[in-house]
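Read through the structure below, which is laid out as structure tokens, and then see the notes.
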Amino acid sequence: MKKKKVKLRDLGSKGHPGENGHERGHNHGGPEGVSKFKTYLPAISSFAMLIVGIAVDYFDAFPFFKGWIRILWYTTAYIPVGFPVVKEGWKSIQKGDFFTEFLLMSIATLGAFAIGEYPEGVAVMLFYSVGELFQDAAVKRAKGNIKALLDARPDEASVFRDGDFITENPENVNIGERIKVRVGEKVPLDGALLSARASMNTAAITGESKPETLEKGDIVYAGSINLDGVIEVETTKEFKDSSIARVLDMVQNATARKSKTELFIRKFARIYTPIVVFLAIALTLLPYFFVDDYNFRDWLYRALIFLVISCPCALVISIPLGYFGGLGAASRNGILFKGASFLDAMTKVNTVVMDKTGTVTKGVFKIKDIKSAGMDETEFMGFLLALEEQSTHPIALAIVQYKNDNPHKAMDVSEVAGKGLKGTVNGKVVLAGNKALMEANGIAVPSETDSIVETLVMVSVDGKFSGYVTIADELKEDALHGVRQIREAGISKLIMLSGDKDSITQKIAKELDLDWAKGGLLPEDKLSEVEKLKKVTDNIIAFIGDGINDAPVLAASDVGIAMGGLGSDVAIETADVIIQTDQPSKIARAIKIARSTRRIVWQNIGLAFGVKAIVLILGAGGMATMWEAVFADVGVALLAILNAVRLQRMQWENKELGQKR
């Protein structure tokens with residue numbers, strides 16, 4: 001059955017596209033109360049007339065309620081719920097789409113009228129319409145978090161131009177402009193914080209409800225809400241490239257990418273429906289040749305029951321709804337799947353390969369240890385800072401973060417390629433760099449430094465070794481917990497591949513208790529290692545990375561996962577799953593959400609096929625009536641929808657941190 005693509009701007013409009021491309025919903029315009037009343041009025045009026053008709057039939061209270069009066073009463077009860085369905089069935093036929101659920105329900109109910117089963121004909125169509133209303137409500141709820149993202153999209157920016165702040169559309173604000181955000185307002189574009197501090201609600205972007213405190217220079221994401229005081233931000237991206245625009249685009253595209261299960265069910269429905277119609281015809285006519293006491297009315301009734309039971313709406317409604325619920329649950333947790341197919345793929349992963357820098361570590365160098373020789377720490381750091389202040393190397397930037405009012409100034413500073421810096425400080429020749437720099441200048445280095453795997457910056461003053469500083473990248477706060485959670489999720493192999501030197505990679509891998517690790521790798525080396533792993537038949541690989549150099553491996557792995565906060569745009573575009581918060585612990589949660597989605601989808605498939613098969617056999621044997629058929633069709637559809645909606649209520653606990661997500 002065909003399905004029209006749902007655009008984000010269409011959410012919350014009149015109804016939603018049905019499985020055949022027709023609008024199934026009802027008018028939700030105007031005041032909410034009036035809208036809901038109009039929506040349910042046809043079903044309410046049909047239900048009231050049906051109950052009155054059945055009561056009069058049962059008690060035989062009115063002798064005149066027979067013949068044309070009775071037919072007219074049930075026809076009037078049928079029209080409010082039946083006419084829209086018959087109309088859609090006719091439209092489908094005009095478009096060349098003969099075998100739809102609308103046609104099945106129309107034939108079954110009009111056939112019931114033709115053989116005098118008026119209450120059952122009204123009941124089948126009534127419950128089908130009620131099922132449609134439940135479906136509308138379920139889909140609306142499932143799309144609620146995407147609607148919330150739309151609401152989080154800022155529609156104006158206060159930008160500083162010509163000496164004053166003016167209101168402008170965010171799409172017209174350029175990179176490098178200064179914008180002002182008041183308390184309670186949404187940040188319109190990504191940028192760097194110019195104010196000293198800010199408290200932000202980033203739930204729309206990261207899925208984290210806890211307010212985040214930012215310092216001057218920190219990145220502020222579009223869609224975040226300013227919680228405390230007026231702040232100013234310098235924009236670093238255009239609106240189309242901002243975090244909120246990226247999230248919206250990814251979620252929109254995700255709904256259009258179907259899983260294999262979903263695609264199979266849709267193809268199955270297109271083949272299954274015409275088969276059902278021809279089987280119903282056969283069930284009506286073929287017994288004539290094999291049954292002695294053949295009665296056309298009885299066999300037609302059985303065929304009509306067969307048609308009602310066979311309607312595939314429980315499958316074509318609940319399965320897409322299940323995947324939609326999984327995508328929504330993931331996005332609420334700061335995890336973006338680029339399609340339902342990747343939800344399925346995530347459930348099969350048994351090997352997780354991860355990058356180091358920026359993935360499990362913060363990607364920011366910091367001073368870990370200071371060892372001075374022959375002078376106190378303040379004097380030692382004064383000489384080192386004087387040189388490093390003249391450099392833009394990442395290690396130099398880490399060293400200059402050291403809190404010290406340094407009075408020393410370096411002169412004649414020069415860089416020794418691949419080794420470090422040389423200069424004059426207070427008339428003394430100072431060297432700062434690696435062991436190779438010391439040895440090249442004949443300076444003896446203590447043997448204790450040989451066992452240190454982290455990056456060392458050694459210092460000599462006037463030809464004498466004066467000490468060293470250990471520089472290291474820090475593990476993310478939840479890295480160890482995240483790895484444990486991945487293990488608990490049933491992942492059998494955890495591997496690290498890094499471009500950093502092997503000694504550091506092995507140390508981090510040991511801290512995280514990984515199965516094995518390899519460092520000193522170029523991008524092509526990482527790709528080669530992953531391709532070797534893929535050749536092992538039982539390996540389904542998820543690779544986690546954040547840099548441009550990770551893009552080839554992200555593309556080659558079965559599931560590519562990118563850290564979306566600090567990650568490069570290339571990595572994010574290449575990956576299949578985006579972790580908005582950069583937290584390794586979200587990997588395990590992504591696996592759990594994917595498995596919950598898959599489990600619910602297969603529960604619905606089993607429920608639909610199981611119940612329908614039982615009632616089909618009973619109906620063909622004359623042991624089931626239209627009422628059982630209604631349950632097998634609409635009842636099962638409602639149960640499947642309610643089961644799918646459970647995904648929107650599920651919580652995936654972070655046990656160690658004592659939080660629920």
Side-chain angles (χ1 to χ4, degrees), residues 196-197 213 215-218 356-358 360-477 479-480 500-501 503-508 510-511:
R197 290 173 64 85
T213 301
E215 305 287 343
K216 184 176 181 179
D218 287 346
K356 180 183 74 68
T357 307
V360 295
T361 67
K362 295 180 179 179
V364 179
F365 288 107
K366 286 191 176 182
I367 294 176
K368 184 179 178 181
D369 196 16
I370 299 173
K371 294 287 185 180
S372 59
M375 63 182 74
D376 63 32
E377 181 180 306
T378 303
E379 184 180 8
F380 168 76
M381 288 302 296
F383 283 113
L384 177 58
L385 286 168
L387 256 65
E388 299 293 356
E389 285 171 350
Q390 306 293 317
S391 174
T392 59
H393 192 280
I395 291 176
L397 297 177
I399 292 172
V400 298
Q401 297 299 316
Y402 180 81
K403 305 293 184 183
N404 184 13
D405 295 328
N406 182 30
H408 303 313
K409 296 295 179 186
M411 307 290 291
D412 303 323
V413 178
S414 60
E415 185 171 344
V416 182
K419 296 179 180 178
L421 300 171
K422 181 178 181 179
T424 303
V425 180
N426 295 345
K428 297 180 179 182
V429 177
V430 180
L431 299 174
N434 57 24
K435 187 176 182 179
L437 179 65
M438 298 294 115
E439 290 176 344
N441 287 273
I443 298 166
V445 176
S447 58
E448 67 183 73
T449 61
D450 295 337
S451 61
I452 300 174
V453 298
E454 290 91 352
T455 301
L456 291 181
V457 177
M458 302 180 183
V459 180
S460 73
V461 178
D462 276 347
K464 183 179 179 181
F465 184 81
S466 301
Y468 61 86
V469 172
T470 305
I471 304 294
D473 190 3
E474 290 184 304
L475 277 174
K476 291 179 178 178
E477 285 81 359
L480 185 57
D500 205 345
K501 64 182 184 179
S503 59
I504 295 176
T505 303
Q506 297 297 339
K507 181 176 182 293
I508 295 295
K510 188 176 180 180
E511 286 182 39

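Worth knowing before you read on, the calculation uses all heavy atoms, side chains too, and leaves out hydrogens, waters and symmetry mates.
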Practice problem: Taking only Lys NZ, Arg NE, NH1 and NH2, and the carboxylate oxygens of Asp or Glu, determine whether Glu474 and Lys368 approach each other closer than 4.0 Å. | Solution: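 Salt bridge between Glu474 and Lys368, a charged N being under 4.0 Å from a carboxylate O: no.
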Practice problem: Determine, for Lys422 against Asp412, whether the closest basic-nitrogen to carboxylate-oxygen distance falls under 4.0 angstrom. | Solution: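 No.
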Indicate the atoms forming the closest heavy-atom contact of [X] with [Y], along with that distance.
{"X": "Ala410", "Y": "Ala386", "result": "CB-O, 3.3 Å"}
{"X": "Ala479", "Y": "Val360", "result": "CB-O, 3.5 Å"}
{"X": "Ile443", "Y": "Ser460", "result": "CD1-OG, 3.1 Å"}

Could you tell me whether the side chain of [Y] reaches within less than 4.5 Å of the side chain of [X], counting heavy atoms only?
{"X": "Glu511", "Y": "Leu475", "value": "yes"}
{"X": "Glu448", "Y": "Tyr468", "value": "yes"}
{"X": "Val459", "Y": "Val430", "value": "yes"}
{"X": "Lys371", "Y": "Phe380", "value": "no"}
{"X": "Met381", "Y": "Ile370", "value": "yes"}
{"X": "Gln401", "Y": "Ile399", "value": "no"}
{"X": "Asn441", "Y": "Leu431", "value": "yes"}
{"X": "Asn434", "Y": "Met458", "value": "no"}

Practice problem: Check whether any side-chain N or O of Ser372 sits under 3.5 Å from a backbone N or O of Met375 as a donor-acceptor pair, and report yes or no. | Solution: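 Yes, Ser372 side chain to Met375 backbone: donor-acceptor pair under 3.5 Å.
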Quiz prompt | Whether Thr361 side chain and Lys356 backbone form a donor-acceptor pair below 3.5 Å | solution =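 At least one qualifying donor-acceptor pair exists.
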Quiz prompt | Counterpart residues, salt bridge (charged side-chain N to carboxylate O under 4.0 Å, His left out), relative to Glu215 (two or more places apart) | solution =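 Applying salt bridge (charged side-chain N to carboxylate O under 4.0 Å, His left out) to Glu215 gives Arg197.
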Quiz item: Can you list the steps and then say if Leu421 with Ser414 is a side-chain contact (heavy atoms from CB on, under 4.5 Å)?
Solution: CA-CA 6 Å; Leu421 300 171; Ser414 60; over 6 Å; no
Practice problem: Would you mind telling me which of Lys366, Glu377, Glu388 makes a side chain to side chain donor-acceptor pair (under 3.5 Å) with Tyr402? | Solution: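 Exactly one pass, corresponding to Glu377.
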Quiz item: Which pairs pass salt bridge (charged side-chain N to carboxylate O under 4.0 Å, His left out) with one or both residues in residues 391-400, sequence neighbours excluded?
Solution: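 Matches after skipping sequence neighbours: none remain.
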Between [atom1] on residue [X] and [atom2] on residue [Y], distance to nearest 0.5 Å:
{"X": "Thr455", "Y": "Ile471", "atom1": "OG1", "atom2": "CD1", "answer": "7.5 Å"}
{"X": "Lys419", "Y": "Glu439", "atom1": "NZ", "atom2": "CD", "answer": "9.5 Å"}
{"X": "Lys510", "Y": "Thr505", "atom1": "NZ", "atom2": "OG1", "answer": "14.5 Å"}
{"X": "Glu389", "Y": "Leu384", "atom1": "CD", "atom2": "CG", "answer": "9.5 Å"}
{"X": "Lys507", "Y": "Ile452", "atom1": "NZ", "atom2": "CD1", "answer": "11.0 Å"}

